[in-house]
Q: 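Below is one structure. I have some questions about it.
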Amino acid sequence: MKKQRTNVIVRLYHQLGSPPSFYRISGYFLKWLLLIAIILTGIGLYDGLVLAPADYQQGDSFRIIYIHVPMAWMSMFVYAIMGIAALIAIIWRMKVAEAVLIASAPIGAWFTLITLVTGSLWGKPMWGTWWEWDARMTSELILLFLYIGVMATYTAFNDDSRKAARMAALIAVVGLVNLPIIHFSVKWWSSIHQGTTVSIMGESRITWEMLRPLLTMAVATKFYYGYSMLKRARTYLLETEQQKRWVHDIVEEKKS
Amino acid sequence: MKPFFALVKRDLTLGLRRKSQIYQPLVFQLLVVTMFPLGLGSGAKTLALIAPAVIWILALLASLLTLDQIFKNDYDDGSVESYVLTSYPLSSSVLAKVLAHWLLSGLPLVVFAPVIAVLLHLPSHSYGVLMLSLLIGTPIFSFIGSIGSALTMSLKHGGLLLTVLVMPLLAPVLIFGAGAVVESSLGNSANTHILLLSGMLVLCITLVPFAAAAAIKINLE
Amino acid sequence: MKPFFALVKRDLTLGLRRKSQIYQPLVFQLLVVTMFPLGLGSGAKTLALIAPAVIWILALLASLLTLDQIFKNDYDDGSVESYVLTSYPLSSSVLAKVLAHWLLSGLPLVVFAPVIAVLLHLPSHSYGVLMLSLLIGTPIFSFIGSIGSALTMSLKHGGLLLTVLVMPLLAPVLIFGAGAVVESSLGNSANTHILLLSGMLVLCITLVPFAAAAAIKINLE
Amino acid sequence: MPIIKASDISCQRGNYSLFKPVNFALSPGQSLLLSGKNGVGKTTLLESIAGFRAFSSGYIFYKENELNTNKDKWFDDSFFIGHKTGNKKELSCLENLISFLQIQGIEITEPQAVEALEKVGLAGFEYQMAGKLSAGQKKRLALARLIMVKHPIWILDEPFVNLDVAGCQWLLSILDKHTQKNGILIITAHDNKIIREKVTRELVLEACD
Amino acid sequence: MPIIKASDISCQRGNYSLFKPVNFALSPGQSLLLSGKNGVGKTTLLESIAGFRAFSSGYIFYKENELNTNKDKWFDDSFFIGHKTGNKKELSCLENLISFLQIQGIEITEPQAVEALEKVGLAGFEYQMAGKLSAGQKKRLALARLIMVKHPIWILDEPFVNLDVAGCQWLLSILDKHTQKNGILIITAHDNKIIREKVTRELVLEACD
Amino acid sequence: MNEFLNMGGYAFYVWSSVGLFFITMLVDFISLRVKDKTVKRNIKSFIRRKNNR
Ligand code: HEM
Ligand SMILES: Nc1ncnc2c1ncn2[C@@H]1O[C@H](COP(=O)(O)OP(=O)(O)OP(=O)(O)O)[C@@H](O)[C@H]1O
Ligand SMILES: Nc1ncnc2c1ncn2[C@@H]1O[C@H](COP(=O)(O)OP(=O)(O)OP(=O)(O)O)[C@@H](O)[C@H]1O
Ligand SMILES: [Mg+2]
Ligand SMILES: [Mg+2]
């Protein structure tokens with residue numbers, strides 16, 4: 001056997017790849033993630049709903065942006081993470097990646113659902129309709145289906161968590177391939193697309209007072225995602241390793 | 001516990017455990033509704049026009065997806081014996097099976113209908129009639145379907161045969177159901193349609209259990 | 001005989017013997033097409049407008065009805081072992097299964113399409129494009145469906161899960177397929193759409209056998 | 001005094017009779033083993049006796065009544081377990097046992113059911129789904145019903161299949177107890193010498209020629 | 001010289017291991033009977049050995065190669081018949097036998113298949129659909145494959161179930177012939193004393209604690 | 001204050017959005033705790049089953 005030179009990254013990879021140390025390390029972060037998420041949400045919403053000036057065109061209804069847009073970003077961000085985890089789970093059969101995949105799906109689906117409903121709630125006063133079959137909305141709806149597909153696959157094979165996770169990974173990867181397809185095909189077909197009212201990229205027509213809460217909320221939701229995902233991932237690891245010593249120690253000593 | 005309630009309870013437990021029986025017809029509906037604008041392309045403005053028909057056809061198709069399971073499952077695993085080889089009347093057991101099926105697959109469709117209606121731009125003053133008509137119509141699907149399921153339960157690929165058998169029987173339900181919604185969306189009264197639907201339901205309740213029981217007995221011989 | 005052809009031959013024999021797999025999707029299509037005017041009531045003039053979408057959605061639904069059986073049957077009776085526990089590449093066997101499925105359920109849809117088109121008042125100059133687009137599109141249904149079927153074969157009630165899984169994947173096929181027909185019915189060229197469809201088919205032929213084979217292996221573990 | 005009398009009964013599958021017509025009579029406490037080659041028609045005959053399908057010829061009398069004229073009485077007194085076990089994959093063992101019996105109108109409490117499962121060797125599997133049992137465990141779950149039912153007539157199709165040695169012994173003992181309490185037993189089994197010695201009569205079905 | 005060596009193999013269902021890890025080695029001409037209580041994991045183990053599912057621990061070596069690294073060789077040499085028979089309801093017996101073997105890449109002519117069916121006691125059933133066979137006949141149809149295959153390793157899960165006495169004898173004789181021709185046999189069976197005497201070794205699986 | 005709650009006439013839309021956000025996050029939060037508890041309980045009973053044998 002050749003001696004392997006271990007650098008920091010490899011070591012970290014191995015540590016995060018082993019369930020017990022992942023469980024231990026993630027345990028340190030949990031509390032802080034939740035705490036920061038709550039505080040930032042409080043600040044962001046206060047800033048957005050109270051301090052930020054009303055939009056000259058949309059009035060106060062524009063404040064839905066502080067829920068809608070962070071959620072919309074998260075719905076896609078989470079799917080990307082899920083897809084990467086799925087790829088790792090399939091190729092390297094890494095248990096922690098399976099855990100991340102399975103733990104991301106429910107929270108991602110929630111984010112997507114909120115995006116859809118808040119979009120609807122915004123559309124009624126702005127466009128006079130709850131729902132329009134426009135490119136962005138349709139693809140967001142299909143994103144929800146993809147999340148549901150991943151979760152349904154996982155629950156359908158509930159008798160064997162690891163097998164179920166690998167099946168779900170397959171679905172997630174296929175869905176990943178599907179995302180750009182949907183994006184482009186929907187562009188192709190759509191003709192009634194509503195242009196973005198506000199653009200924050202490049203030439204920004206939004207004032208700093210309006211942008212600040214948006215960014216705060218975007219960070220806050222990322223922290224909550226971190227919390228929710230890690231917590232679920234830990235549960236998944238306990239479940240799949242239920243015969244291992246380290247799990248027994250954790251369960252019986254009640255230290256979580 | 002009376003055999004009737006024992007059977008209903010068992011089927012509900014099964015349904016809630018499988019879950020798929022409940023939420024997947026809904027997702028199916030949602031998916032197909034999504035397909036329509038995709039397929040229609042620039043014709044999307046016609047959506048509201050075809051909304052009543054689409055909603056009712058979808059409810060019918062979503063029901064059809066689960067209809068063949070009413071008796072087939074029990075036949076496949078042999079538990080049909082538990083209510084056939086007993087002196088408790090088979091028609092009561094049929095009623096129990098139908099009731100459980102409707103609670104699991106019909107009722108969710110009724111509750112979920114407004115969401116589909118929004119997606120298809122149905123005028124909002126028709127939601128009441130839509131839900132009422134579905135509330136009366138979906139049990140008829142379960143009833144008629146139970147006869148079809150009883151006839152096809154011993155077949156391995158009976159699902160499609162069942163479709164063919166029951167579709168003609170369900171056409172009137174569809175006509176009056178969708179008709180009621182169309183009328184109300186045009187601002188007219190839908191009373192006649194609703195009345196006719198109710199009549200069909202009463203007829204089903206009184207006749208179908210015996211018909212389905214007979215079908216089961218013939219099938220087992 | 002090579003295992004590939006043996007498998008195709010066996011599946012064709014089975015399909016021709018069951019018959020239902022062939023004629024029932026057609027009957028299903030016919031029935032639903034009949035439902036449309038019934039449900040639409042006075043709105044029947046809109047038929048031609050929605051014809052391309054309806055035909056394609058129906059083709060999709062009719063395919064979906066048989067997709068879950070691609071591998072599920074073999075899993076249930078244990079004959080999946082005959083091509084898994086052998087050194088003959090599983091992906092070739094998958095290709096054989098898909099080919100047989102398309103010949104049995106996709107091809108009839110293509111051949112039958114003009115009939116449905118007449119019923120829905122599609123302009124007759126679009127029939128060519130309609131059939132061509134279905135000829136390229138329906139094999140994609142079988143291919144993508146085979147992955148779904150491989151994933152859900154060990155589930156008792158996998159049919160609806162399969163629907164949920166493959167529908168989003170099939171959406172682009174629907175868009176371009178129906179789009180092609182719409183364009184041609186408006187008198188425009190449908191070349192781009194057809195080209196894109198063909199591209200998808202090529203992609204499926206090269207990738208799907210391996211994906212489905214992987215799914216089967218994971219499922220059996 | 002025999003309470004079940006079968007005279008010249010035979011069964012059909014497709015368009016031809018399976019076996020030469022048979023006669024038998026059973027008094028309380030007696031048992032009958034149906035045997036014969038694979039495919040001679042044992043399962044078909046048992047299902048007909050249970051009331052599932054019709055005879056192609058002959059009659060069965062139960063307590064002086066022809067069976068078809070008084071099926072309810074027969075259903076009340078006879079209990080059938082066939083090849084298919086009648087377990088629901090998605091119900092736990094406990095739920096399976098309880099619901100099956102309740103649907104047949106037999107009252108059973110949860111502690112009783114737990115006890116029955118214990119007796120049949122499924123202790124600790126109360127909450128496991130029936131779909132996740134091994135072949136022998138599935139058979140045991142079906143046979144657990146026998147502990148609870150009071151029907152005097154049992155009709156069992158190859159009940160020993162898939163059971164391990166201990167399971168076979170348990171089943172033999174419970175069948176013994178049943179006949180000792182004046183129960184009647186109609187059963188099929190291949191290659192099981194012990195049951196052959198225990199039954200009152202063995203009836204070998206012979207194929208028609 | 002053993003060509004199959006299993007070291008410390010064990011299987012998992014759901015999230016826990018079923019039985020204590022086992023070891024065995026088999027040389028050509030030897031046979032192994034797996035036994036143990038209902039639900040101990042015999043079927044699971046056989047399916048894993050056949051290559052259907054993964055082991056939770058341990059390795060099997062076939063001709064010095066770890067099984068997972070060279071599955072094709074293993075598939076070429078081993079033949080598995082499990083609980084599910086793999087018959088198609090809608091195909092006739094003849095079609096079933098022929099197509100199953102051809103799909104596995106084994107050439108078989110129609111006269112050969114007819115002969116095999118005859119040997120297995122299904123003469124006259126060539127054109128009957130497999131769905132219309134009795135339980136024992138279905139098993140016989142599946143076992144008919146054994147006559148045609150040349151694989152040196154047979155893996156059989158409870159093959160005696162549902163067979164009548166003559167059928168059991170036939171099966172025993174063909175298993176005998178197989179091992180005499182230097183074949184290897186891995187088998188499970190309950191309550192069959194004769195097979196127990198015939199095998200080289202019996203391995204009793206014990207549940208994990 | 002009233003003016004704030006009224007949201008310039010868009011109260012329903014804005015506050016249902018905010019409410020939905022909080023309710024969903026709460027549901028997620030609770031469901032992950034419940035899941036964690038049940039899994040730990042099951043593992044405990046699994047350990048007990050092993051010890052009793
Ligand atoms: C149900 C309806 C709606 C859905 C599903 C939806 C979905 C989305 C999605 C997925 C994004 C992220 C896009 C990206 O970052 O690439 C987004 C961003 C956005 N949405 Fe919506 N939306 C809906 C309704 C609305 C309405 C009615 C408005 C306002 C009139 C609106 C305004 C915005 C804005 C301003 C952004 C951020 C702009 C950007 O990032 O480019 N949305 N929405
Ligand atoms: N699909 C499944 N999911 C989870 N657990 C299962 C599943 N099938 C079986 N089991 C469990 O795995 C264990 C082993 O099952 P297996 O079928 O291998 O037993 P077996 O030794 O073949 O028993 P038998 O003698 O009854 O055939 C059993 O305790 C059973 O409860
Ligand atoms: N569904 C069916 N349709 C037509 N014929 C059938 C059907 N099922 C069985 N048969 C035929 O009826 C005959 C009797 O079958 P049956 O199952 O009663 O036999 P059996 O005595 O129980 O055999 P075994 O010992 O194998 O269980 C067989 O020859 C079989 O071929
Ligand atoms: Mg039999
Ligand atoms: Mg077994």
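In what follows, chains are A, B, ... by sequence order, proteins preceding strands, each numbered from 1.
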Q: Other residues, nucleotides and ligands only: do more than 12 of their heavy atoms fall within 6.0 Å of CD on E/Glu110?
A: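 It does not: E/Glu110 CD has 12 such atoms or fewer within range.
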
Q: Taking the side chain as C-beta and beyond, is there a heavy-atom pair between E/Phe80 and C/Glu81 under 4.5 Å?
A: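 The answer is yes, as the side chains (C-beta and beyond) meet within the 4.5 Å cut-off.
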
Q: Can you check whether anything in residues 35-60 of chain E gets within less than 4.5 Å of chain C, heavy-atom wise, and list it by number?
A: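 E/Ala50, E/Gly51, E/Phe52, E/Arg53, E/Ala54, listed by number.
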
Q: C/Asn73, C/Leu85, C/Asp74: which one forms the most heavy-atom pairs within less than 4.5 Å of chain E?
A: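 Highest number of heavy-atom pairs under 4.5 Å: C/Leu85.
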
Q: Would you please name every residue forming a ring pair (Phe, Tyr, Trp, His ring centres under 6.0 Å) with E/Phe100, sequence neighbours left out?
A: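 With sequence neighbours excluded, E/Phe100 shows a ring pair (Phe, Tyr, Trp, His ring centres under 6.0 Å) to no residue whatsoever.
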
Q: I'd like to know if E/Glu90 pairs up with C/Arg10 as an ion pair, taking the criterion as any Lys NZ or Arg NE/NH1/NH2 lying under 4.0 Å from an Asp or Glu carboxylate oxygen.
A: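 Between C/Arg10 and E/Glu90 there is no salt bridge, as every charged N stays at least 4.0 Å from the carboxylate O atoms.
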
Q: Could you check whether atom CD of E/Gln180 has more than 12 heavy atoms from other residues, nucleotides or ligands sitting under 6.0 Å from it?
A: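 Count over threshold, so yes.
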
Q: Do E/Gln102 and C/Lys2 touch side chain to side chain, with heavy atoms closer than 4.5 Å?
A: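 They are not in contact (no side-chain heavy atoms under 4.5 Å apart), so the answer is no.
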
Q: Rounded to the nearest 0.5 Å, what separation is found between the NZ atom of E/Lys88 and the OG atom of C/Ser79?
A: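 The OG atom of C/Ser79 is 3.5 Å from NZ of E/Lys88, to the nearest 0.5 Å.
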
Q: Before accepting this row, confirm whether a basic side-chain N of the pair C/Asp76/E/Lys84 lies closer than 4.0 Å to the acidic partner's carboxylate O.
A: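 Salt bridge flag = no for E/Lys84 with C/Asp76.
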
Q: Quick check for you: to the nearest 0.5 Å, what is the distance between C/Ser82 atom OG and E/Leu101 atom CG?
A: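 So the OG of C/Ser82 and the CG of E/Leu101 are separated by 9.5 Å.
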
Q: Using salt bridge (Lys or Arg N to Asp or Glu O under 4.0 Å), reason through E/Glu95 and C/Lys9 one step at a time and then give a plain yes or no.
A: CA-CA 11 Å; E/Glu95 289 168 330; C/Lys9 188 186 154 202; over 6 Å; no

Q: Answer yes or no: is there an ion pair linking C/Asp77 with E/Lys89, defined by an N-O contact shorter than 4.0 Å?
A: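 No salt bridge links C/Asp77 with E/Lys89.
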
Q: Any idea which of E/Lys71, E/Lys73, E/Arg145, E/Met129 has the most non-hydrogen atom pairs under 4.5 angstrom with chain C?
A: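 It is E/Met129.
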
Q: Measuring from E/Ser99:OG to C/Leu14:CG, what's the distance to the nearest 0.5 Å?
A: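 Rounded to the nearest 0.5 Å, the OG-CG separation comes to 7.5 Å.
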
Q: Rounded to the nearest 0.5 Å, what separation is found between the CG atom of E/Asp72 and the OG1 atom of C/Thr86?
A: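 Rounded to the nearest 0.5 Å, the CG-OG1 separation comes out at 8.0 Å.
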
